[in-house]
Amino acid sequence: MTPADLAAAVVAAVAAAVEGSEHAVAVPETVTVERPRSREHGDYATNVALKLAKPARRPPRDVAEILAAHLRTADGVAAVEVAGPGFLNIRLDAVGRIAAAVVEAGETYGRNSEASGETIDLEFVSANPTGPIHLGGTRWAAVGDALARVLQASGAEVAREYYFNDAGVQIDRFAASLDAAARGAEVPEDGYAGGYISEIAQQVVAGRPGLLEEPEEKRLDAFRRDGVESMFDSIKADLHAFGVDFDVYFSERTLHESGQVDAAVARLQEQGHTYSADGALWLRTTDFGDVKDRVLVKSDGTTTYFTADAAYYLDKRSRGFDRCVYMLGADHHGYVARLKALAACAGDDPQRNIEILIGQLVSLVRDGEPVRMSKRAGTVITLNDLVDAVGVDAARYSLVRSSIDSTLELDLAVLARQTNDNPVFYVQYAHARIASLLRNAAEFGVVLAAPHDVDVSLLTHDRESDLLRSLGDFPRVVASAAELRAPHRIARHLEELAGTYHRFYDACRVLPPGLKTGEEPANELTYARLLLVQATQVVLRNGLGLLGVSAPERM
RNA sequence: GCCCUCGUAGCUCAGUCGGAUAGAGCGACCGCCUCCUAAGCGGUAGGCCACAGGUUCGAUUCCUGUCGGGGGCACCA
């Protein structure tokens with residue numbers, strides 16, 4: 001019996017009690033079944049009786065007793081106790097079957113239907129191609145990609161999308177900076193500095209001999225076009241090396257060129273939330289909770305960035321995405337209200353069709369001293385800097401193991417010198433240890449049994465049942481990570497699982513000591529424990545895969 | 001000034017759709033390899049879950065306020 005089965009059994013018990021007129025309550029769709037901290041409280045516990053006590057108008061313990069009587073008859077339930085204020089503590093039969101189920105499911109174990117049928121556009125990073133991905137963008141790359149994987153594992157159809165601005169003032173400054181670098185001039189005011197500028201400039205010049213003899217306008221035009229392309233190639237290559245590939249790279253420029261921006265204005269006008277004032281066309285976003293109305297068409301006839309945002313959102317929706325998820329840094333939190341209001345003004349449901357995740361920023365210290373970052377001074381820490389310091393696995397893991405609600409402080413000195421501080425190694429080591437153990441088993445002639453042939457009832461040690469319960473939780477962890485948009489929950493579960501495995505390994509000998517010499521053949525318990533070990537490996541590998549982190553065979 | 005967000009162990013962070021004794025890693029201290037990877041395991045020390053009220057049978061979790069950290073206010077992009 002899996003935790004999901006148990007939850008269903010609890011619901012059935014409530015329903016049975018209602019049917020038998022033992023209490024009168026609305027049968028809940030789902031109930032909370034959790035693993036209690038203390039093993040004295042059984043394999044699983046539920047607070048359902050406490051929740052139902054009020055509607056049933058009976059003391060919690062009475063409700064608990066009624067439910068316990070029904071639950072005891074459920075298949076797979078060994079014992080039910082009423083405890084404390086009215087908790088139901090449940091012990092299961094044959095917990096060991098989880099191991100067989102995990103191994104049989106293999107790489108599909110953990111997949112669930114939490115987000116089944118949803119079509120999600122997940123936009124993240126979206127940094128302008130005027131420089132390399134910096135630390136903040138790196139966090140969204142790691143978290144966004146992991147979230148995409150988790151949502152897919154939960155049944156959603158997901159597109160990873162990267163929106164970029166390849167026209168306008170920023171790009172003009174970028175081109176001017178490239179031009180200055182190529183000519184050996186000083187960085188222009190409001191320009192970009194940093195080593196990459198001269199590299200890109202050289203690439204552009206190399207591709208266009210004689211460019212520097214051209215008049216300024218032609219030079220800037222060339223730097224604008226070739227420079228952006230070159231910069232973007234570099235960004236894509238960096239992301240790819242980081243294990244992140246986008247399905248769609250969306251150019252803001254194309255929105256203007258295709259007429260979609262004008263179409264968006266027209267659409268919003270049709271919906272009736274626009275008005276004219278001071279010579280401009282405004283969108284009345286305050287109708288839907290924004291703090292002020294927004295300008296769609298300026299008095300000079302041009303549109304704003306917000307207008308392009310509107311066109312882009314509508315484009316996503318026209319491509320069939322039911323949910324448009326934006327991952328933005330805390331420095332963009334002001335966008336939440338206006339984007340939500342925008343969706344509402346367009347006639348969409350702002351609760352469903354648009355979702356904005358605000359992630360806190362990453363701050364940097366070096367030996368405890370704050371590191372000031374400045375794009376202009378070229379003192380940014382980039383994705384590549386981080387990867388160079390700690391490698392892809394540790395970089396991704398350290399960025400994805402914390403909630404995006406927390407500002408993350410990374411100490412460069414620590415990252416650079418003590419990479420095994422990182423919990424990723426703790427998790428990866430558990431996987432490598434398992435791989436080694438399985439190699440040994442094979443070397444000593446042990447042929448793994450088919451999961452259903454293994455006597456899992458032999459897995460009775462406390463460390464074994466801890467492991468089984470952790471394995472059984474995995475699908476629910478994936479489901480809740482998807483639902484809560486919180487991929488860090490996967491990482492935390494893996495850390496717990498790895499710890500549980502290390503303790504199991506310490507307490508329970510898997511291969512008989514005399515196996516190597518042939519004095520002591522594998523026995524039934526050997527096969528049962530090997531199955532448990534295999535199951536642990538499956539979950540570690542699947543979980544690390546969801547985070548985009550490798551599961552090494554050796555360390 | 002207004003708004004958003006965070007405040008949990010020495011450090012970095014989990015947990016909280018209200019539940020039983022608040023956790024991990026790192027750091028500190030003490031132990032454990034004749035035996036499947038010691039990047040491991042066991043133990044000790046370390047917490048007014050920022051503070052004050054409120055709601056509740058029950059609050060670290062929800063609400064209000066205060067204080068502190070971070071971020072944001074545009075016919076910029």
Side-chain angles (χ1 to χ4, degrees), chain A residues 32 34 36-38 40-41 45 47 50-51 53-54 59-60 83-87 89 128 165 167-173 252 277-282 291-300 302-306 308 329-337 358-361 363 365 368 398 401-403 405-411 414 418-430 432-441 443-444 480 483-484 488-489 491-493 495-496 498-499 501-516 526 529-530 533 554-555:
Chain A
T32 307
E34 56 187 13
R37 269 185 214 95
S38 164
E40 289 164 23
H41 295 146
N47 63 352
L50 290 158
K51 298 280 186 199
K54 190 168 275 184
F87 291 103
N89 292 338
N128 284 342
N165 175 353
V169 177
Q170 308 277 12
I171 298 296
D172 291 342
R173 289 175 185 161
E252 185 201 340
D278 305 326
L281 181 69
W282 297 70
V291 293
K292 63 185 291 289
D293 292 336
R294 306 291 168 177
V295 171
L296 288 173
V297 183
K298 292 189 270 190
S299 52
D300 66 4
T302 61
T303 56
T304 67
Y305 200 77
F306 179 71
D331 52 339
H332 287 76
H333 79 256
Y335 283 47
V336 175
I358 295 299
Q360 299 302 306
L361 303 178
S363 63
V365 298
S398 61
R401 76 182 286 267
S402 293
S403 160
D405 290 337
S406 293
T407 52
L408 192 56
E409 186 172 281
L410 298 179
D411 191 316
V414 170
Q418 284 183 292
T419 57
N420 36 353
D421 275 0
N422 196 305
V424 69
F425 293 105
Y426 186 75
V427 177
Q428 288 184 317
Y429 180 57
R433 252 184 160 181
I434 289 171
S436 168
L437 197 157
L438 294 176
R439 278 195 302 272
N440 289 343
E443 188 186 330
F444 302 149
S480 72
E483 184 189 0
L484 300 172
H488 74 279
R489 283 169 179 256
R492 299 300 173 149
H493 185 256
E495 288 169 30
E496 183 211 290
Y501 177 76
H502 287 311
R503 285 185 285 277
F504 156 80
Y505 181 89
D506 193 59
C508 301
R509 179 85 200 184
V510 177
L511 303 176
L515 184 67
K516 191 174 185 177
T526 307
R529 286 183 170 166
L530 279 170
V533 165
R554 298 170 199 274
M555 286 177 75

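Note on naming: letters A, B, ... go to the chains in the order of the sequence lines (proteins, then strands), and numbering restarts at 1 for each one. Every value quoted in this text rests on a predicted model; they were computed, and no experiment measured them.
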Exercise for the section: Check RNA chain B for consecutive Watson-Crick or G-U pairs with both distances under 3.5 Å and list the runs of at least three as stems. Expected result: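 As far as RNA chain B goes, consecutive pairing (with distances under 3.5 Å) yields the stems B:1-7 with B:67-73, B:10-13 with B:23-26, B:28-32 with B:40-44, B:50-54 with B:62-66.
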
Practice task
Determine, for nucleotides 6-11 of chain B in 5'-to-3' order, which nucleotides have protein heavy atoms under 4.0 Å from the base (write B), from only the sugar-phosphate (write S), or from neither (write -).
Solution key: S-----

Classify [X] by what it touches in the nucleic acid, base, sugar-phosphate, or nothing, heavy-atom distance under 4.0 Å.
X	value
A/Ala308	nothing
A/Ser299	base
A/Asp300	nothing
A/Ser403	sugar-phosphate
A/Arg294	sugar-phosphate
A/Arg439	base
A/Leu408	sugar-phosphate
A/Ala45	base
A/Phe504	nothing
A/Arg509	base
A/Val510	base
A/Lys516	nothing

[X] vs [Y] side-chain heavy atoms within contact, under 4.5 Å:
X	Y	value
A/Leu511	A/Thr526	yes
A/Arg294	A/Thr304	no
A/Leu437	A/Leu530	yes
A/Val533	A/Tyr505	no

I'd like the [atom1] distance from [M] over to [N], given in whole Å.
N	M	atom1	value
B/U44	B/G25	P	14 Å
B/G65	B/C29	P	46 Å
B/A50	B/C6	C1'	11 Å
B/U64	B/C2	P	16 Å
B/U5	B/A9	P	22 Å
B/G71	B/C26	P	31 Å
B/U16	B/C63	P	15 Å
B/C51	B/U61	P	10 Å

Between [atom2] on [N] and [atom1] on [X], what's the gap in Å once rounded to a whole number?
X	N	atom1	atom2	value
A/Ile358	B/C73	CD1	P	12 Å
A/Asp506	B/C41	CG	P	8 Å
A/Met555	B/G40	CE	P	9 Å
A/Lys292	B/C3	NZ	P	17 Å
A/Glu443	B/C36	CD	P	13 Å
A/His493	B/G25	NE2	C1'	17 Å
A/Asp293	B/C73	CG	P	18 Å
A/Lys298	B/C76	NZ	P	5 Å

Problem - From A/Tyr335 atom OH to A/Phe306 atom CZ, the distance as rounded to the nearest 0.5 Å - result: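 Reported value, rounded in 0.5 Å steps: 10.5 Å.
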
Practice task
Report the distance from atom OG of A/Ser480 to atom NE2 of A/His493, rounding to the nearest 0.5 Å.
Solution key: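 It comes to 9.5 Å.
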
Can you find a side chain N or O atom of [X] that sits less than 4.0 Å from OP1 or OP2 on [N]?
X	N	value
A/Tyr505	B/C33	no
A/Arg489	B/U16	yes
A/Arg433	B/A38	yes
A/Asn440	B/U37	yes

Using modelled atom types and a 3.5 Å cut-off, is there a donor and acceptor pairing between side-chain atoms of [X] and backbone atoms of [Y]?
X	Y	result
A/Asp300	A/Thr302	yes
A/His502	A/Gly499	no
A/Arg492	A/Arg401	yes

Practice task
Apply side-chain contact (heavy atoms from CB on, under 4.5 Å) to A/Gln360 and A/Leu408, showing your working.
Solution key: CA-CA 7 Å; A/Gln360 299 302 306; A/Leu408 192 56; over 6 Å; no

Handout entry: Check: A/Asn89 side chain, B/A20 base, donor-acceptor under 3.5 Å
Key =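 Pair found.
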
Exercise for the section: Between A/His332 and A/His488, name the one whose nearest nucleotide on RNA chain B is closer to the 5' end. Expected result: A/His488

Fill in the blank from the handout: Per nearest nucleotide of RNA chain B, the residue lying toward the 5' end, A/Arg503 or A/His333, is A/Arg503

Completion exercise
Of B/A24, B/C75, B/G72, the nucleotide closest to the side chain of A/Glu495 is B/A24

Practice task
Could you check if the base of B/C49 is syn or anti? Syn means the glycosidic torsion is within 90 degrees of 0.
Solution key: anti

Handout entry: Any residue meeting side-chain hydrogen bond (donor to acceptor under 3.5 Å, both in side chains) with A/Thr407, in chain and number order, not counting sequence neighbours
Key =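 If we apply the side-chain hydrogen bond (donor to acceptor under 3.5 Å, both in side chains) test to A/Thr407, skipping adjacent residues, there are no hits.
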
Exercise for the section: Give a yes/no verdict on base stacking between B/A20 and A/Phe87: centres under 5.5 Å, planes within less than 30° of parallel. Expected result: yes

Exercise for the section: Determine the minimum heavy-atom distance between A/Ala308 and A/Glu252, stating which atoms define it. Expected result: CB-OE2, 3.5 Å

Problem - Near-ring test A/Tyr426/A/Tyr429, centroid separation under 6.0 angstrom - result: no

